[in-house]
Amino acid sequence: MFRYSAGLFAVALLAAAGTIDGERPLDGRLGANRAVPQSLRDCDTYCPEMVIVPPGSFTIGSPLSELGRGSDENPQRIVTIAYTLAVGKYPVTRGEFAAFVKDTGRTLGPCEHWDGNSFRIEEGTYWSGAFRQTDQHPVICVNWDDSQAYVQWLSRKVGKRYRLLSEAEWEYAARAGTTTPWYWGPSEANLCRYANGADLSAKAQGVIAPSFVSCDDKYAHTSPVGSLGPNQFGLYDMGGNVGEWVEDCYHDTYADAPTDGSAVETCLPKFHNARVMRGGAWNAIPVWIRSASRDVEIPSLRADSFGFRIARTE
């Protein structure tokens with residue numbers, strides 16, 4: 001079990017009591033008197049902005065009745081997050097990642113792209129040169145090992161323990177108290193207000209996807225972080241924009257998964273020691289952006305839809 005600091009706990013108590021200024025919940029489903037927890041930043045320059053997420057319980061996975069669900073989203077189980085958690089308000093940006101690369105000299109190989117049939121290497125496409133991104137876009141073309149190197153570097157620089165979210169923490173943070181397929185409600189109709197996915201802009205620009213939702217988020221590829229609406233915890237881009245690496249090894253069932261928010265650390269050779277990715281991406285169809293949707297990826301793979309978000313509990 002992770003321990004939280006006294007400072008984080010105090011902030012969470014104030015937020016739960018509604019005494020910290022913050023954005024109001026989108027539609028009151030968390031309670032009319034409950035303010036969105038406060039943002040914080042542990043340093044002024046290269047540190048990602050974070051949001052305090054209060055403790056609570058939720059049901060991980062999806063009901064059998066949920067359309068588009070995967071067979072690995074079961075059995076549903078109640079998970080209790082009994083500690084205060086700081087979560088990146090946005091995915092780590094290209095500018096934040098650039099500070100890490102400059103300081104460490106880490107070299108990242110070329111990126112892979114989905115061509116409609118398979119991933120293929122896009123020569124000349126790297127984390128620093130894809131889709132005409134700015135420093136405010138989410139970093140892409142990073143693998144699980146790159147994300148681990150980043151959080152270890154940030155921990156050394158700041159003197160606090162940063163890490164990836166566990167899969168359970170990610171779903172708890174994404175749902176933000178909701179039980180609907182998407183954190184904005186039961187229908188994909190509002191997807192373009194909250195998630196950058198495979199939409200009409202992407203279709204017009206020749207993006208390859210199984211289908212396209214009939215709305216326009218104005219972004220064919222990645223969007224600057226925070227361009228669309230937040231969930232009720234005040235977290236942005238929890239659906240779409242980039243897929244987010246989490247800590248867990250992939251298992252195809254929740255039957256033996258922890259119920260205390262911790263990560264599954266035993267990787268399985270039958271899945272090629274794969275790790276979990278959450279959230280969908282700029283080329284994802286709506287069912288892949290559901291709060292319960294799971295992706296499984298080889299940790300050495302870099303692709304132009306892969307990013308990550310950070311967390312800390314102490």
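The first residue in the sequence is number 1, and the count goes up from there.
In this structure, His221 and Trp282 have perpendicular ring planes: the angle between them is above 60°, well past the 30° mark.
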Could you go through the side-chain hydrogen bond (donor to acceptor under 3.5 Å, both in side chains) check for Tyr236 and Asn241 one step at a time? CA-CA 10 Å; Tyr236 291 79; Asn241 214 2; over 6 Å; no
Kindly indicate, with the supporting measurements, whether the criterion side-chain hydrogen bond (donor to acceptor under 3.5 Å, both in side chains) is fulfilled by Gln76 and Ser62. CA-CA 6 Å; Gln76 286 189 288; Ser62 60; over 6 Å; no
I'd like to know whether Arg106 forms a salt bridge (charged side-chain N to carboxylate O under 4.0 Å, His left out) with Asp146, so could you lay out the CA-CA distance, the side-chain angles of the two residues, the decisive distance to 0.1 Å, and finally the verdict. CA-CA 9 Å; Arg106 187 177 181 88; Asp146 298 326; 3.0 Å; yes
Begin with the C-alpha distance, continue with both residues' side-chain angles, and end with the deciding distance and a verdict on side-chain contact (heavy atoms from CB on, under 4.5 Å) for Thr84 and Ile52. CA-CA 7 Å; Thr84 303; Ile52 301 297; 3.5 Å; yes
Please step through side-chain hydrogen bond (donor to acceptor under 3.5 Å, both in side chains) for the pair Tyr219 and Gln205, ending with a clear verdict. CA-CA 10 Å; Tyr219 300 100; Gln205 292 297 315; over 6 Å; no
I'd like to know whether Leu268 forms a side-chain contact (heavy atoms from CB on, under 4.5 Å) with His251, so could you lay out the CA-CA distance, the side-chain angles of the two residues, the decisive distance to 0.1 Å, and finally the verdict. CA-CA 7 Å; Leu268 300 178; His251 289 207; 3.6 Å; yes
Can you check salt bridge (charged side-chain N to carboxylate O under 4.0 Å, His left out) on Arg163 and Glu169, steps first, answer last? CA-CA 12 Å; Arg163 56 180 178 80; Glu169 290 172 339; 2.8 Å; yes
Evaluation steps, salt bridge (charged side-chain N to carboxylate O under 4.0 Å, His left out), between Asp199 and Lys218: CA-CA 8 Å; Asp199 69 324; Lys218 308 301 182 184; over 6 Å; no
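Between atom SG of residue Cys141 and atom CG of residue Leu108 there is a gap of 8.5 Å, rounded to the nearest 0.5 Å. Interatomic distance, CG of Leu85 versus OG of Ser166, reported as 8.0 Å (0.5 Å rounding). Of the inter-residue distances, the one linking Ser39 atom OG with Met50 atom CE reads 10.5 Å to the nearest 0.5 angstrom. Atom-to-atom distance recorded for Ser305:OG and His113:NE2 is 9.5 Å, nearest 0.5 angstrom.
Counting only distance, with no hydrogens or angles, the side chain of Glu265 and the backbone of Cys249 share no donor-acceptor pair below 3.5 Å. Not a single donor-acceptor pair under 3.5 Å links the side chain of Trp245 to the backbone N or O of Pro299. Checking side-chain atoms of Arg294 against main-chain N and O of Val276 turns up no donor-acceptor pair under 3.5 Å. Between the side chain of Glu66 and the main chain of Pro63, no donor-acceptor pair closer than 3.5 Å is present.
If you check the side chains of Trp170 and Glu244, you find a donor sitting under 3.5 Å from an acceptor. Of the N and O atoms on the side chains of Asp295 and Trp288, not one donor lies less than 3.5 Å from an acceptor on the other residue. In this model, no donor atom of one side chain and acceptor atom of the other lie less than 3.5 Å apart for Asp103 and Tyr46. Side chain to side chain, Tyr250 and Asp72 meet the donor-acceptor criterion of an N or O pair below 3.5 Å. Between the side chains of Gln232 and Thr178, no donor-acceptor pair of N or O atoms lies under 3.5 Å. Between the side chains of Asn143 and Ser300, no donor N or O sits under 3.5 Å from an acceptor N or O.
Tracing side-chain contacts under 4.5 Å through hydrophobic residues (I, L, V, M, F, W, Y), one reaches Ile289 starting from Val296; they form part of the same cluster. Cluster membership for Val151 and Met277, using ILVMFWY side-chain heavy atoms within less than 4.5 angstrom, is shared.
Proximity of Asp135 to Thr93: side-chain heavy atoms (C-beta onward) are nowhere separated by under 4.5 Å. Inter-residue side-chain proximity for Arg94 and Trp127 is flagged as met; some heavy-atom pair is nearer than 4.5 Å.
Using a cut-off of 4.0 Å between Lys/Arg side-chain N and Asp/Glu carboxylate O, Glu297 and Arg275 are scored as not salt-bridged. Using a 4.0 Å cut-off between a side-chain N of Lys or Arg and a carboxylate O of Asp or Glu, Glu112 and Arg302 do not qualify as a salt bridge. With respect to Arg312 and Asp42, a salt bridge is recorded, a charged nitrogen being found less than 4.0 Å from a carboxylate O.
Figure legend: Arg290 and Trp182 shown without cation-pi pairing, the cationic atom not lying both under 6.0 angstrom from the six-membered ring centre and within 45 degrees of its axis.
Here the closest heavy-atom approach between residue Glu96 and residue Tyr150 is recorded as O-CE1, 3.7 Å.
In this structure Phe58 satisfies the ring-ring contact (aromatic ring centres under 6.0 Å, His included) test together with Tyr172, sequence neighbours excluded.
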